[in-house]
Asker: 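This is the structure, below, for whatever I ask next.
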Amino acid sequence: MIPQHASALLISDLHLTPSMPLTAQRFFDFCEKDGPKAEAVFILGDLFEYWVGDDASSHSPFQQEVRRAIANLSTKCKTYYMHGNRDFLIGHDFLQKTGMTLLEDPSTIEIASQKYVLSHGDALCTADIGYQVFRGWVRKPWIQKLFLHLPLAWRRSIAQHLRNNSHVQYQNYKRSAVAKIKTNVTLEACAEALKDQNGDRLIHGHTHLPAHHQENLRGQEWQRWVLSDWDLDHPDAVLPRASALSIDHNGVRYLDLIKA
Ligand code: MN
């Protein structure tokens with residue numbers, strides 16, 4: 001069953017953590033004010049900076065606050081969630097308590113009678129072979145089961161270690177042209193995902209490069225929208241940003257949640 005709605009708001013890459021209180025507050029306001037204006041809200045992954053298991057939530061007042069905000073939003077509109085590369089361990093318990101419906105990556109939805117293919121985006125970054133091998137392993141159900149059986153302190157320290165590594169990599173790569181290719185989606189992967197889903201409109205996050213693209217490969221044409229990440233807590237390093245993609249009968253547009 002393809003989800004069908006008259007209007008929708010799509011967000012991703014909020015990377016929520018207690019150390020970014022302004023970003024978190026904008027999300028709470030979003031759940032209260034912006035979200036309910038649409039018929040459906042889609043969260044396309046990396047809602048949290050990291051997630052080491054639903055059971056860890058009971059030790060985190062912050063995660064419980066986020067859970068309550070989404071649960072409240074779910075009473076006002078339909079909510080959907082797709083796993084990101086940082087919170088792919090969000091499980092049945094959290095989804096049930098928030099009232100969100102889990103979507104596979106990729107998934108097709110229909111908004112205002114127009115089909116869109118949704119993805120978090122990390123699976124589309126196929127130029128980064130090392131990452132795709134890593135992703136293949138951590139997405140294996142038996143590996144996840146093993147990890148979730150580890151003591152919470154171990155899980156947290158493994159997650160911290162992985163984040164440090166990816167941060168170092170990011171710092172090293174940031175300036176090089178190779179990095180720009182490796183950390184972005186490839187035309188080939190987008191073309192294949194759209195062919196599989198029989199679509200020509202793709203929406204994803206992950207790359208933190210919000211833009212609308214008109215693309216083609218070997219005669220196949222499509223449009224691609226990239227969602228913005230959110231960061232209201234580091235105004236010195238980067239421009240504060242938080243936006244959603246809004247879709248209704250008027251079409252697709254970016255909604256700046258800082259000006260809104
Ligand atoms: Mn991501």
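Ligands are counted one by one from 1 in listed order, and the atoms in each one are counted from 1 as well.
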Asker: Can you tell me which residue among R241, M20, R26 is in a side chain to side chain contact (heavy atoms under 4.5 Å, CB included) with L232?
Answerer: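 Exactly one candidate clears the test, R26.
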
Asker: Please verify the inter-ring angle class for H15 with H208; under 30° counts as parallel, over 60° as perpendicular, anything in between as tilted.
Answerer: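 It falls in the perpendicular class, over 60°.
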
Asker: Listing by chain and number, what protein N/O/S atoms are under 2.8 Å from the Mn ion (ligand 1)?
Answerer: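 Those protein N, O or S atoms (cut-off: under 2.8 Å from the Mn ion (ligand 1)) are D46 OD2, N85 OD1, H120 NE2, H206 ND1.
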
Asker: Would K140 count as a cation-pi partner of W137, with NZ or CZ less than 6.0 Å from the six-membered ring centre and within 45° of the ring normal?
Answerer: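 Yes - K140 lies over the ring of W137, closer than 6.0 Å to its centre and within 45° of its axis.
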
Asker: Measure up the F27 and F30 rings against each other and bin them: parallel (under 30°), tilted (30 to 60°), perpendicular (over 60°).
Answerer: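 It falls in the parallel class, under 30°.
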
Asker: H206 and side-chain hydrogen bond (donor to acceptor under 3.5 Å, both in side chains): which single residue from D122, N85, N184 fits?
Answerer: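 The option that passes is N85.
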
Asker: Tell me yes or no: between the side chains of H212 and R224, is some donor less than 3.5 Å from an acceptor?
Answerer: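 H212 vs R224: no donor-acceptor pair found between side chains.
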
